[in-house]
Amino acid sequence: MPDKAALLIGPLVHARSEWASVSKITSKLHEYPDGSRDDFLSKCRSGEYDDVFAMYRSNDSNRITGNFDSELISALPSSLKYICHNGAGYDNIDIAACTERGIQVSSTPIAVNNATADVAMFLVLGALRNVTHCFQAVRKGKWRGDFKLGHDPKDKTLGILGMGGIGSALAVRAKAFGMNIQYHNRHRLPEQQENGAKYVGFDELLETSDVLSLNLALSDSTRHIIGKKEFAEMKDGVVLVNTARGPLIDEEALVEALESRKVWTAGLDVFEKEPEIHEGLLRNENVVLLPHIGTATFETQRDMELLVLDNLRSAIKEGKLLTQVPEQKKDS
Ligand SMILES: *[C@@H]1O[C@H](CO)[C@@H](O)[C@H](O)[C@H]1NC(C)=O
Ligand SMILES: *[C@@H]1O[C@H](CO)[C@@H](O)[C@H](O)[C@H]1NC(C)=O
Ligand SMILES: *[C@@H]1O[C@H](CO)[C@@H](O)[C@H](O)[C@H]1NC(C)=O
């Protein structure tokens, strides 16, 4: 396969030998394990990567290059046709700019579903049991401390905003705990995919859920989809869980809703300005906090790396991605 090189930006940890074997179908494997945005841009502009046909990048590599915005995308070599991204979310890639340059982009849905749903269920239970105070008290030698009773998941209504792969995997778990499942998507799912969950409108979801879980992607239209107005529509004492993306929630409004007891407790794995966390969340014992560890398991990290490499191989051999981002699939 002459003249088709691949470029890896940032770390690849769990599938090194599979990456090495990509050399069988490429002319060269470039790696850019660390550096800076300026350095990377100057390497692109100097022609160092002019043979690169497909690229592996990850959310972790964003630390090195910064966002794949229109500036960076316009500096990429014209030979580059595929960006294989490791991550279910890809809000740090300007997809429209890629499409315009004829670059196809894949992400890693599916591989992340179970691990993220596990963390969502953990947060649902943790928030229902108000565990933060107990976690802290027992380690300080105070046993239960100033312990308060929690709630059972059984017979509570779980509202899932965004019934995709992760939302559906959460629904399976929550059903096993006796919860009733309802969901909202822009479009209703085919009945056999609903698995007994009830489809409701956005407002009805807010008004009737005891626990609300966010499992949708971040985009311009979903940024702050939960804010002051939406909290006002919710049941008093609602429990809110977010394992998707921080900016889906107006964090300032969440802090207010927690302080007014509109929101009983919350479980959060993602934050509006992570790794920074709003002071009002840090000091509130009614919030269960995790530092964005949804997919952080050995098994899932390896599955994600393998899926990126499957996309890379398919791009090189067949000129086709396996899990292309939906924004591009629409118009192809
Ligand atoms: C993705 O990268 C951003 C910084 O660009 C970071 O805040 C976020 O926690 C990362 N997400 C994951 C899942 O590692
Ligand atoms: C997720 O878990 C279910 C049930 O254990 C399993 O059938 C499915 O294959 C898993 N999905 C992935 C992508 O690993
Ligand atoms: C959670 O537990 C803490 C510590 O006992 C308590 O101050 C707080 O009121 C409890 N939260 C709820 C919503 O009951």
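- Using modelled atom types, no side-chain atom of Glu251 and backbone atom of Phe271 make a donor-acceptor pair closer than 3.5 Å.
- Residues Asp50 and Pro77 approach most closely at OD1-CB, 3.7 Å, considering heavy atoms.
- Checking side-chain atoms of Thr297 against main-chain N and O of Thr300 turns up a donor-acceptor pair under 3.5 Å.
- Annotation: the span from Glu272 atom CD to His278 atom NE2 amounts to 8.5 Å, rounded to 0.5 Å.
- The cluster map of Ile, Leu, Val, Met, Phe, Trp and Tyr, joined by side-chain heavy atoms under 4.5 Å apart, puts Leu289 and Leu248 in the same cluster.
- Judged by distance alone, with hydrogens and angles left aside, the side-chain atoms of Ser314 form a donor-acceptor pair with the main-chain N or O of Lys320 at under 3.5 Å.
- Here the side chain of Arg101 pairs no donor or acceptor atom with the backbone of Ala97 at under 3.5 angstrom.
- A distance-only check finds a donor-acceptor pair linking the side chain of Ser79 to the backbone of Val52 [under 3.5 Å].
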Next on the checklist: Quick one, Asp210 with Asp155, criterion side-chain contact (heavy atoms from CB on, under 4.5 Å). Give me CA distance, side-chain angles, the key distance, then yes/no.
Outcome noted: CA-CA 10 Å; Asp210 299 309; Asp155 296 332; over 6 Å; no
Checklist entry - Please walk me through it: do Gln182 and Ser209 pass side chain to side chain donor-acceptor pair (under 3.5 Å)? => result CA-CA 8 Å; Gln182 59 183 13; Ser209 297; 3.0 Å; yes
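- Atom CZ of residue Arg129 and atom CZ of residue Phe135 lie 11.5 Å apart, to the nearest 0.5 angstrom.
- Of all the heavy atoms in Gly159 and Leu205, the pair that sits closest is CA-CD1, 3.7 Å.
- More than 12 heavy atoms of other residues, nucleotides or ligands lie within 6.0 Å of CD in Gln193, so this atom counts as buried by the packing criterion.
- In summary, Asp69 and Arg37 engage in a salt bridge, as defined by a charged side-chain N under 4.0 Å from a carboxylate O.
- For the pair His292 (side chain) and Val270 (backbone), a donor-acceptor distance under 3.5 Å is absent.
- Side chains of Thr99 and Glu327: no donor on one and acceptor on the other come within 3.5 Å.
- A ring pair (Phe, Tyr, Trp, His ring centres under 6.0 Å) with His30 is found for one member of Phe53, Tyr56, Tyr49 and no other, namely Tyr49.
- Using a 4.0 Å cut-off between charged side-chain N and carboxylate O, Arg16 and Glu31 make a salt bridge.
- Residues Leu170 and Phe177 share a hydrophobic cluster, clusters being chains of Ile/Leu/Val/Met/Phe/Trp/Tyr side chains in contact below 4.5 Å.
- Shown here for Ala127 and Thr265, the closest heavy-atom pair between the two residues is O-OG1, 2.6 Å.
- Looking at heavy atoms from C-beta onward, Leu309 lies in side-chain contact with Leu12 at the 4.5 angstrom threshold.
- Taking the charged nitrogens against the carboxylate oxygens, Lys148 and Glu285 have no contact shorter than 4.0 Å, which rules out a salt bridge.
- Side-chain atoms of Ser213 and Leu158, non-hydrogen and from C-beta on, do get closer than 4.5 Å to each other.
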Checklist entry - Can you list the steps and then say if Val239 with Lys156 is a side-chain contact (heavy atoms from CB on, under 4.5 Å)? => result CA-CA 11 Å; Val239 168; Lys156 300 293 185 303; over 6 Å; no
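- Here the CG-CG distance, from Leu240 to Leu212, works out to 5.5 Å after rounding to the nearest 0.5 Å.
- Looking at Asp60 and Ser58, their side chains never bring a donor and an acceptor atom within 3.5 Å of each other.
- In this structure, Lys175 and Asn195 have side chains that are in contact, with non-hydrogen atoms separated by less than 4.5 Å.
- Proximity of Asn215 to Thr243: side-chain heavy atoms (C-beta onward) are separated by under 4.5 Å at one or more points.
- Relative ring orientation between Phe40 and Tyr32 is described as tilted, the plane-to-plane angle lying within the 30° to 60° band.
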Checklist entry - Taking it one step at a time, do His151 and Trp264 satisfy side-chain contact (heavy atoms from CB on, under 4.5 Å)? => result CA-CA 11 Å; His151 285 288; Trp264 198 69; 3.6 Å; yes
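- Ion pairing between Glu274 and Arg245 fails under the 4.0 Å rule for side-chain N and carboxylate O.
- Nearest approach of Ala54 to Ile316, heavy atoms of both residues: CB-CG1, 4.3 Å.
- Under 4.0 Å is where a charged nitrogen must lie from a carboxylate oxygen, and between Lys4 and Asp51 no such pair does.
- With hydrogens and angles ignored, the 3.5 Å screen pairs a side-chain donor or acceptor of Ser74 with a backbone N or O of Glu71.
- In terms of modelled atom types and a separation under 3.5 Å, the side chain of Glu230 and the main chain of Gly227 share a donor-acceptor contact.
- Rounded to the nearest 0.5 Å, atoms CD1 (Ile249) and OG1 (Thr222) are 11.5 Å apart.
- Put simply, the residue from Thr65, Asn59, Asn67 that forms a side chain to side chain donor-acceptor pair (under 3.5 Å) with Asn92 is Asn59.
- Residues Ile83 and Leu76 form a side-chain contact, since some pair of their non-hydrogen atoms from C-beta on lies under 4.5 Å apart.
- Interatomic distance, Arg173 CZ to Leu125 CG, rounded to the nearest 0.5 Å: 11.5 Å.
- In this structure, Ser107 contributes its side chain and Val325 its backbone to no donor-acceptor pair below 3.5 Å.
- Inter-residue side-chain proximity for Met179 and Val124 is flagged as met; some heavy-atom pair is nearer than 4.5 Å.
- A 4.5 Å side-chain heavy-atom check between Glu18 and Val22 finds every atom pair outside the cut-off.
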Next on the checklist: If you apply the rule side-chain contact (heavy atoms from CB on, under 4.5 Å), what do you find for Gln301 with Thr295, and how did you get there?
Outcome noted: CA-CA 7 Å; Gln301 290 297 312; Thr295 60; 3.2 Å; yes
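- No donor-acceptor pair closer than 3.5 Å links the side chain of Thr116 to the backbone N or O of Asn113.
- Glu194 and Arg188 are joined by a salt bridge, as a carboxylate oxygen and a charged side-chain nitrogen come within less than 4.0 angstrom of each other.
- Glu299 and His14 are not linked by any side-chain donor-acceptor pair at a separation below 3.5 angstrom, with hydrogens and angles left out of the test.
- When the shell of 6.0 Å around CD of Glu100 is examined, it contains 12 or fewer heavy atoms from other residues, nucleotides or ligands.
- With values rounded to the nearest 0.5 angstrom, Asn242 atom CG is found 9.0 Å from Leu254 atom CG.
- At a threshold of 4.5 Å between non-hydrogen side-chain atoms, the residues Tyr82 and Leu312 do not count as touching.
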